[in-house]
Amino acid sequence: MGVVSSLANPTRFLSWSSRLLPIVSVLAALTLAVGVYWSLFVAPPDYQQGDSVRIMFIHVPAAYLAMFCYVVMAAAALGTLVWRHPLADVSARAAAPIGAAFTFLALFTGSVWGKPMWGAWWVWDARLTSVLVLFIMYLGLIALWRAFDDPSRGAKVAAILILVGFINIPVIKFSVDWWNTLHQPASIVRMDGPTIDPSMLWPLLVMIAGYTLTFIALHLAAMRAEIYRRRARTTEMLIAARPASTAVRPTEAAATGAPPHTAH
Amino acid sequence: MSAFAALIVQTVAASIRAGGGALTGLLFFLTVVSVIPFGVGPDLNLLARIGPAVLWIGVLLSMLLGLDRLFGQDREDGGLELVIVSGESMPLFVLARACGYWLAHGLPIVLAAPVLGLILNLSPLALGAVTLTLLAGSPALAMIGAVGGALTAGLARGGMLAAILVLPLSVPVLIFGVAAVNGAIADPDPFLAPFLIMCAFTLFSAVLAPIAGAAALRLGLD
Amino acid sequence: MPLEDAFPPVRLAADDLACERGGRPIFHGLSFSLAGGEMLAVVGPNGAGKSSLLRVVAGLLSPSEGRVDLDTDGERETAMHLLAYGDGLRNVFTVKENLRLWSRLYGGAADDDAMHEALEEVGLGHAMHLAARALSTGQRRRAGLARLILSPRPIWLLDEPTSGLDKDGEAILGRMMAEHLASGGAILVATHLQLPVAPTHRLELQ
């Protein structure tokens, strides 16, 4: 019964997510379209930075999602370790590549934005450097998952690393800030001041909403793919465990969950 | 002798005896530090300026080399299962392994650092500062390394993976360690503040790492 | 057996135990009860889950359903011994050094005399100062038996204990198992081979 009940939750997830996914995807596309048009063509150029300020509308939401995604993974890691929920594994694992992609986008756009301001593609600005470390941690996590051939074992070990990272990220951020003030005393133009004109704030908020919807759509799709990947794997193992005479077709084994051996 | 002390002794002995990696780590450290001047040039002023950082990075890298064996061997020979069944506290087991690892893989390198500092043209004050910060900071590297070793125990090429996982987590120790040395040499920069923050990291990691490592080892068996 | 060697009463019970590995069910609905002086043999073909059952009881694997209860007057954490495929012997250390570490961890006798006596009992007295790498498979299994002798614990979990042992080794194992049962210990053994001591209960996995 263990397998059947553990598949039950993912099964319910598959059914409601299949209805939700198209809606979220369309919403994400619409919001992004509005946001991109607003921020690139309607919003005024910055009086100092000119049109290059428009990179902010791509960059800031990506940086926000880079961190948001890690928070989602940390919550999922707790779900794996504390409640042993099978969907939590799937959620964390599906979120990692998406988080890495957004982190890379934040680094890339930050670098492009910095080029006209700093005259270099990369400066060891505290913010950029912290995000770089976060990016490396995403990649390390993905590598750790891939190193385990048993996904459920890998999920538990990766959950530990996610939580260790979650505790350490503020420490790293603090260290890098300290390191930065020591080496580059406040010579850098602040990228986003505390005050921002409403004509820029609104398109930025729309972009953040669009990015978040995109993340939800990608995450749902990736979770569905991960569930199917695991089912394929389980089906393989069930077939291997059966004697040849009573072998069943894969579809049947997947549908019933196959009764386990009985013990007397 | 308590079980804790016996585990430390065993970890040290296994690293020092034939087949252990302590000597390799030390030689790696000597090689890395000796190679740096070939890359940056023999300018003694430049070497004196980057010397503390070179030594710190050398220690950081050298202490990664033995991580695959730290718990990998326990996984292979069934020792890990016997430790769990024995009823000994798992965080204490991880702490003992990390302490042993520091004694065998960390301390010799730290003691070699001032000698290598001479060929990097470090002043006596800088030599002392580097040694002091390494002594207080390298245990944190061993603790963080133990987490990496526990996460990757029993994996093929786990050592490479452990290095990738451990390095970003070691960034704060590196930052404050080198900052403390520079604070000791250059006058306006503070020494005590970064040094104490680094010591705090060492204590922090000595608490957190055994818990995380024990959880990783247990869940890795499940 | 002398009275001071007797273990306090102990009872191991599993209730409706189920286990799965990597999404694959191993066994389910498994219940048993084992008291001091009793021996439960878990038998069945390869892949039936004998080793997994032992690992669940040892606390190395968490069951997907059910639980294992240990009832004893003594300490619960230090009640078990495991003898399995992994012998925990480090090749670079001598037999004595290996045994001494396990004795320290298991709270057993760690002095040279006790260790020598235990090794003599399993026919390894001559190998005490040899590096563990010199031992054959059967001798490594015997060193594991010496570990059990040095640290008396009431519950033995034996996974294929006869594998690798010769006739003489099986006789030693049989004698040790009989003595353990006589002094109030319990044995849970997984095997597909003939055992030197007749089990009091059998549990068949398919």
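Chain letters run A, B, ... following the sequence lines, proteins first and then strands; every chain starts at 1.
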If you take all heavy atoms of [X] and [Y], which pair is closest and at what distance?
| X | Y | answer |
| --- | --- | --- |
| Ala216(B) | Val157(A) | O-CG2, 4.1 Å |
| Gly140(A) | Ile164(B) | CA-CG2, 4.1 Å |
| Leu161(B) | Ala147(A) | CD2-CB, 3.7 Å |
| Ile160(A) | Ala212(B) | CG2-O, 3.6 Å |

Top of Leu161(A), Asp149(A), Leu139(A) for chain B proximity - count of heavy-atom pairs under 4.5 angstrom: Leu161(A)

Less than 4.5 Å apart, any side-chain heavy atom of [X] and any of [Y]?
| X | Y | result |
| --- | --- | --- |
| Phe201(B) | Ser175(A) | yes |
| Val171(B) | Trp179(A) | no |
| Leu169(B) | Met137(A) | yes |

Assess whether atom [atom1] of [X] is packed by more than 12 heavy atoms of other residues, nucleotides or ligands within 6.0 Å.
| X | atom1 | result |
| --- | --- | --- |
| Arg153(A) | CZ | yes |
| Phe104(A) | CZ | no |
| Phe148(A) | CZ | yes |
| Arg75(B) | CZ | yes |

Spatial distance of atom CG (Leu81(A)) from atom CG (Leu219(B)) [nearest 0.5 Å]: 6.0 Å

Residue among Leu165(B), Leu208(B), Leu155(B) with most heavy-atom pairs under 4.5 Å to chain A: Leu155(B)

Interface moiety of Ile167(A) toward chain B, non-hydrogen atoms closer than 4.5 Å: side chain

Need one label for [X]: side chain, backbone, both or neither, based on atoms under 4.5 Å from any heavy atom in chain A.
| X | result |
| --- | --- |
| Leu174(B) | neither |
| Leu167(B) | neither |
| Leu151(B) | both |

Parallel, tilted or perpendicular: ring planes of Trp178(A) versus Phe176(B), cut at 30 and 60 degrees: tilted

For chain A, which residues of residues 64-72 of chain B have heavy atoms nearer than 4.5 angstrom: none

Residues of residues 120-141 of chain B near chain A, each having a heavy atom less than 4.5 Å away: none

